[in-house]
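Notes to accompany the following structure.
Atom set for the values below is all heavy atoms of this structure, side chains included, hydrogens, waters and symmetry mates excluded. Note that the coordinates shown come from a computational prediction; the quantities given were computed from them, not determined experimentally. Nothing fancy with the numbering, it's 1 onward along the sequence.
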Amino acid sequence: MFCRFCGVEIPEDSRFCPKCGANLAVRKAEEKEPELEVTSTECKTQVFTFPPKTTYDQASLPIIRWLEEHQVDIQGLRCEADTILLAGTLVPVLERLELDYVESDDSRHYQLGVMIDSRNDFGLSRKKSGTALNKQYEHWRKEHPEYEVSCKLDLPLSLGWCSGSLTLFCYR
């Protein structure tokens with residue numbers, strides 16, 4: 001299991017996160033979910049939250065571990081991201097990522113695909129951000145027809161004078 005506040009892996013029976021100290025057992029009475037029988041076709045959401053300035057490659061580690069440990073069909077992907085400048089390069093930082101899934105008997109595990117296109121256009125917007133990245137993604141799809149892509153999310157990146165885009169997708 002992963003802490004829903006900081007994303008670190010923790011023991012299943014944890015009441016508090018050993019890293020961020022968050023109380024994992026506290027829920028308000030009105031937030032309690034009704035007790036229903038859960039079936040394998042019920043969509044669930046796995047939420048990963050990360051400390052500030054967690055780069056996409058750092059954030060991907062607990063996500064990939066979770067995907068390797070669970071037999072699921074990914075139904076959707078949502079992400080909150082920001083941008084920082086690191087060594088002159090536009091780098092996405094993830095704040096929160098949500099995976100919608102249903103349990104599955106399929107033994108193939110999903111991977112998290114990440115593609116980044118960042119350019120320094122000095123505010124001139126010479127090229128529409130994402131165009132090159134879409135071509136890169138389509139090229140990857142043609143080169144790897146054996147992979148099933150369940151969902152894809154395109155996010156714009158910008159620091160004003162630097163722009164780009166981030167594509168996240170789940171495949172198996």
Side-chain angles (χ1 to χ4, degrees), residues 1-51 54-82 92-117 130 133-157 165-172:
M1 149 170 138
F2 293 90
C3 174
R4 65 179 182 263
F5 298 99
C6 71
V8 71
E9 189 171 9
I10 56 177
E12 290 290 329
D13 60 345
S14 296
R15 292 185 59 217
F16 296 92
C17 175
K19 182 174 181 185
C20 71
N23 186 346
L24 304 174
V26 172
R27 280 190 176 237
K28 295 179 185 173
E30 63 270 9
E31 290 180 352
K32 286 189 178 178
E33 297 175 19
E35 294 182 22
L36 299 174
E37 184 176 325
V38 178
T39 64
S40 63
T41 58
E42 185 176 331
C43 191
K44 300 175 184 177
T45 301
Q46 175 64 35
V47 178
F48 300 90
T49 54
F50 305 101
T54 301
T55 62
Y56 69 93
D57 54 336
Q58 294 167 327
S60 68
L61 295 176
I63 298 166
I64 290 169
R65 263 186 269 141
W66 187 87
L67 289 168
E68 288 173 350
E69 294 171 0
H70 294 83
Q71 289 182 277
V72 296
D73 287 328
I74 302 295
Q75 306 292 307
L77 169 67
R78 290 178 302 285
C79 181
E80 293 176 20
D82 201 359
V93 291
L94 300 185
E95 298 169 4
R96 180 181 174 98
L97 186 129
E98 298 178 9
L99 290 174
D100 294 331
Y101 69 94
V102 294
E103 294 177 10
S104 170
D105 293 333
D106 196 327
S107 62
R108 299 174 300 154
H109 294 282
Y110 279 96
Q111 294 292 316
L112 180 66
V114 179
M115 293 183 178
I116 301 169
D117 176 32
L133 191 57
N134 283 335
K135 287 180 182 177
Q136 180 183 349
Y137 174 78
E138 291 305 321
H139 177 74
W140 180 86
R141 292 288 289 144
K142 286 178 186 172
E143 292 291 315
H144 298 284
E146 70 275 16
Y147 290 124
E148 164 195 332
V149 175
S150 66
C151 56
K152 177 181 176 246
L153 179 63
D154 296 313
L155 298 169
L157 304 174
S165 57
L166 169 70
T167 295
L168 298 170
F169 57 98
C170 292
Y171 68 96
R172 64 176 173 190

Candidate pair Val114 and Asp57, rule side-chain contact (heavy atoms from CB on, under 4.5 Å), full reasoning: CA-CA 9 Å; Val114 179; Asp57 54 336; over 6 Å; no
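- Using cut-offs of 30° and 60° for the angle between ring planes, the Tyr137 and Phe169 rings count as perpendicular.
- No side-chain heavy atom of Val72 sits under 4.5 Å from any side-chain heavy atom of Gln46.
- Between Arg108 and Glu148, the shortest heavy-atom distance links the atoms NH2-OE1, 3.1 Å.
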message: Applying side-chain contact (heavy atoms from CB on, under 4.5 Å) to Trp140 and Thr167, what does each step give before you reach the verdict?
response: CA-CA 12 Å; Trp140 180 86; Thr167 295; over 6 Å; no
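- To the nearest 0.5 Å, the span separating CZ on Arg172 from CG on Asp106 amounts to 4.0 Å.
- Looking at Lys135, Lys142, Glu143 one by one, the single match for side chain to side chain contact (heavy atoms under 4.5 Å, CB included) with His139 turns out to be Glu143.
- The minimum heavy-atom distance between Phe50 and Leu94, with the atom names listed, is CB-O, 3.5 Å.
- Asp82 places none of its side-chain heavy atoms less than 4.5 Å from the side chain of Pro92.
- Interatomic distance, OG of Ser150 versus OH of Tyr171, reported as 11.5 Å (0.5 Å rounding).
- Scanning both residues, Ile116 and Gln136, for their nearest heavy atoms gives O-OE1, 4.5 Å.
- Side-chain contact between Gln71 and Ser107 is present, with heavy atoms from C-beta onward closer than 4.5 Å.
- For the atom pair CZ (Arg78) and CG (Leu99), the distance works out to 9.0 Å, reported to the nearest 0.5 Å.
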message: Does Leu112 form a side-chain contact (heavy atoms from CB on, under 4.5 Å) with Cys170? I'd like the steps, not just the answer.
response: CA-CA 5 Å; Leu112 180 66; Cys170 292; 4.3 Å; yes
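- Within the 4.5 Å cutoff, no side-chain heavy atoms of Val93 are placed close to those of Thr54.
- In this structure, Phe48 and Pro62 approach most closely via the heavy-atom pair CE2-O, 3.8 Å.
- Contact annotation: the side chain of Tyr110 never approaches that of His70 to less than 4.5 Å [non-hydrogen atoms, C-beta and beyond].
- The aromatic rings of Tyr147 and His144 sit tilted, their planes meeting at an angle between 30° and 60°.
- Nearest heavy-atom pair across Gly76 and Cys151 is C-SG, 4.0 Å.
- Note that CG of Leu168 and NZ of Lys152 are 10.5 Å apart. Values are rounded to the nearest 0.5 Å.
- Inter-residue side-chain proximity for Leu67 and Ile74 is flagged as met; some heavy-atom pair is nearer than 4.5 Å.
- Note that CD1 of Ile63 is 12.0 Å distant from CD of Glu68, once rounded to the nearest 0.5 Å.
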